[in-house]
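Okay, structure first, notes after.
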Number of protein chains: 2
Amino acid sequence: MPFQYLNMFKTSRRAVPQRATSEETRRLVLETALALFRERGFDRTTVRDVAERAGLSLGAAYYYFDSKEAIVGAYYEHVQHEHLTRARAGFEQSADLRDRLRAAMHTKIDIMQDDRGLLRALFRYGGDPDHPLSWFGPATREQRRLSVQVFDEAIADERLPIDVRDITPTLLWALHMGILLYFLYDRSPSAQRTRNLIDSAVDFVVGGRRLVTLPLLRPVRRRVVSILRDAALLPESR
Amino acid sequence: MPFQYLNMFKTSRRAVPQRATSEETRRLVLETALALFRERGFDRTTVRDVAERAGLSLGAAYYYFDSKEAIVGAYYEHVQHEHLTRARAGFEQSADLRDRLRAAMHTKIDIMQDDRGLLRALFRYGGDPDHPLSWFGPATREQRRLSVQVFDEAIADERLPIDVRDITPTLLWALHMGILLYFLYDRSPSAQRTRNLIDSAVDFVVGGRRLVTLPLLRPVRRRVVSILRDAALLPESR
DNA sequence: GTCTATAAAGGGATAGAC
DNA sequence: GTCTATCCCTTTATAGAC
């Protein structure tokens with residue numbers, strides 16, 4: 001078990017801070033946990049299992065994460081960070097709206113491809129507003145903001161009326177949540193059906209892009225804006 | 001405990017079948033269970049508690065429902081039946097689309113008004129395709145079909161192009177699911193925010209009703225139809 | 001102090017008598 | 001249809017070993 005030697009120098013009182021090593025260990029715990037979640041499921045994985053496979057004591061594991069839930073919180077952050085990074089890499093490849101939306105959607109599924117079991121387990125918290133892991137609760141507001149931001153950047157170069165500009169990222173986020181739900185239920189090989197749905201949905205959005213600016217649809221737009229605002233479904237500050 | 005006398009004549013071998021009494025007892029178990037779910041929550045209610053308060057033995061309760069989940073299944077059916085009944089009563093009051101959609105949406109919240117805690121607990125099953133209580137899984141297909149049917153009847157008298165006619169009930173069902181999610185998180189008194197959201201959403205739909213038939217939007221409609229079909233999101237037979 | 005083995009409790013579900 | 005008795009699994013508590 002070589003892992004336990006990662007911190008073998010921690011007692012030597014060096015002036016150099018050990019942040020790198022500490023972060024590595026934290027990362028090791030996170031990745032070990034994810035591997036176990038994938039292997040045997042979220043519920044059947046104990047923090048003990050994680051610590052054991054990571055070559056750490058139970059106490060050490062709890063030093064890095066206050067709880068099993070905190071590990072999941074770190075996973076959320078990882079997904080978010082990874083999504084922003086990969087999507088931006090995609091955005092640099094093309095200024096075309098279709099390409100950018102595809103990148104935004106597909107990279108998310110890429111990241112989560114192997115974690116459907118975990119996501120299905122985490123879905124349960126979605127119904128509890130007070131749970132720190134709820135995808136819709138106040139505790140994950142920051143994650144949601146970052147998630148919306150990906151779509152905000154995807155349409156950053158589009159010339160759109162200000163009202164459309166304001167609500168589109170949130171609507172795209174909602175669409176992407178719907179696609180994630182579809183993904184949870186998708187049993188096709190490599191989630192091919194979800195991939196197809198993404199492409200179709202993106203084509204639909206791109207097709208709608210020209211329509212929304214029509215004067216005829218102006219009242220509809222205004223109505224959508226006011227609905228979302230009244231329902232407090234838009235991020236507070238823009 | 002007067003309840004246990006409901007069947008006090010059970011040993012008299014009357015020719016008349018006792019179905020009525022049996023149904024009453026079943027109903028008693030269901031209503032007792034719901035009362036306890038509301039009082040102390042789904043997880044903290046045991047079948048033992050239900051049986052005790054209903055004045056039955058544990059075994060008797062299990063005679064009527066194979067499991068605690070089966071009780072919830074009966075609740076789903078109750079909600080569905082009640083929704084269809086109340087919505088139809090509303091539909092008889094008005095031929096106006098706005099009124100009918102409002103009736104369809106508001107009656108659903110009326111029925112569930114006191115069960116938000118239970119719904120939040122049941123939400124957890126939504127992520128598991130194989131769970132019999134998942135709102136999106138194959139096991140509840142029939143419930144979903146009936147749920148979509150309410151919206152089908154709401155728009156029954158509208159003169160709409162066939163493709164719009166085919167997909168609108170499903171889209172309205174999806175909208176209503178989104179509103180239910182909002183409802184789970186709504187902490188305003190009497191779920192007033194949800195009520196407002198319903199009214200706004202209905203106005204939006206009614207406003208869109210004239211637009212969808214525009215020739216300009218024909219390609220958009222066709223695209224939506226094919227997306228939903230390809231994704232198997234429409235009921236099979238219509 | 002921490003770990004582990006074992007006991008106790010809780011609770012879903014079933015079997016068979018009546 | 002309803003009862004009692006019981007099974008069986010999971011969670012929680014505890015006691016003694018290390």
Side-chain angles (χ1 to χ4, degrees), chain A residues 1 3-4 7 10-11 25 29 32-33 36-37 39-69 71-72 117 121 124-125 128 131, chain B residues 1-76 117-118 121-122 124-125 128 130-134 139:
Chain A
M1 300 218 181
F3 293 138
Q4 62 192 341
N7 274 332
K10 87 174 173 189
T11 50
T25 309
V29 173
T32 305
L36 284 168
F37 292 161
E39 274 175 40
R40 61 180 79 163
F42 179 66
D43 291 314
R44 283 175 301 287
T45 299
T46 68
V47 179
R48 263 188 178 70
D49 298 333
V50 176
E52 185 182 6
R53 183 177 293 190
L56 298 170
S57 73
L58 181 62
Y62 271 108
Y63 170 78
Y64 290 102
F65 295 99
D66 289 343
S67 63
K68 194 167 142 182
E69 286 174 2
I71 298 179
V72 177
R124 75 183 70 153
Y125 301 123
D128 181 358
H131 199 284
Chain B
M1 303 218 182
F3 293 137
Q4 61 192 344
Y5 297 118
L6 278 172
N7 276 332
M8 61 190 301
F9 299 117
K10 83 174 174 186
T11 48
S12 72
R13 309 173 117 269
R14 293 188 297 176
V16 181
Q18 310 243 333
R19 275 184 55 200
T21 299
S22 179
E23 269 177 23
E24 273 170 31
T25 309
R26 187 184 150 93
R27 188 179 183 80
L28 172 68
V29 172
L30 175 56
E31 284 176 359
T32 305
L34 285 178
L36 283 168
F37 292 161
R38 286 173 190 140
E39 274 177 41
R40 63 181 78 164
F42 179 66
D43 291 314
R44 281 175 303 288
T45 299
T46 69
V47 181
R48 278 176 173 77
D49 298 333
V50 176
E52 187 182 6
R53 184 179 291 191
L56 295 171
S57 71
L58 180 63
Y62 271 104
Y63 171 77
Y64 290 102
F65 295 98
D66 289 344
S67 64
K68 191 168 155 184
E69 286 174 2
I71 298 179
V72 176
Y75 169 69
Y76 284 4
L118 176 58
L122 299 177
R124 77 184 69 156
Y125 302 122
D128 181 358
D130 296 320
H131 199 284
L133 295 182
S134 164

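A, B, ... follow the sequence lines: proteins, then strands. Residue 1 opens every chain. Note that this is a predicted model, so its numbers are computed, not measured.
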*Under 4.0 Å protein heavy-atom contact, by nucleotide of nucleotides 11-18 of chain C - B base, S sugar-phosphate only*: BBBB----
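- Side-chain N/O atoms of B/S57 include none lying less than 4.0 angstrom from OP1 or OP2 on D/dT4.
- When atom types are taken as modelled, the side chain of B/T32 and the backbone of B/A54 share no donor-acceptor pair closer than 3.5 angstrom.
- The neighbour count for B/D43 CG, taken as heavy atoms of other residues, nucleotides or ligands under 6.0 Å away, is above 12.
- No donor-acceptor pair closer than 3.5 Å links the side chain of B/Y75 to the backbone N or O of B/L34.
- Ring pair A/F37/A/F42 is perpendicular by interplanar angle, where above 60° counts as perpendicular and below 30° as parallel.
- For B/R40, the salt bridge (charged side-chain N to carboxylate O under 4.0 Å, His left out) partners two or more places apart in sequence, or in a different chain, are B/D49.
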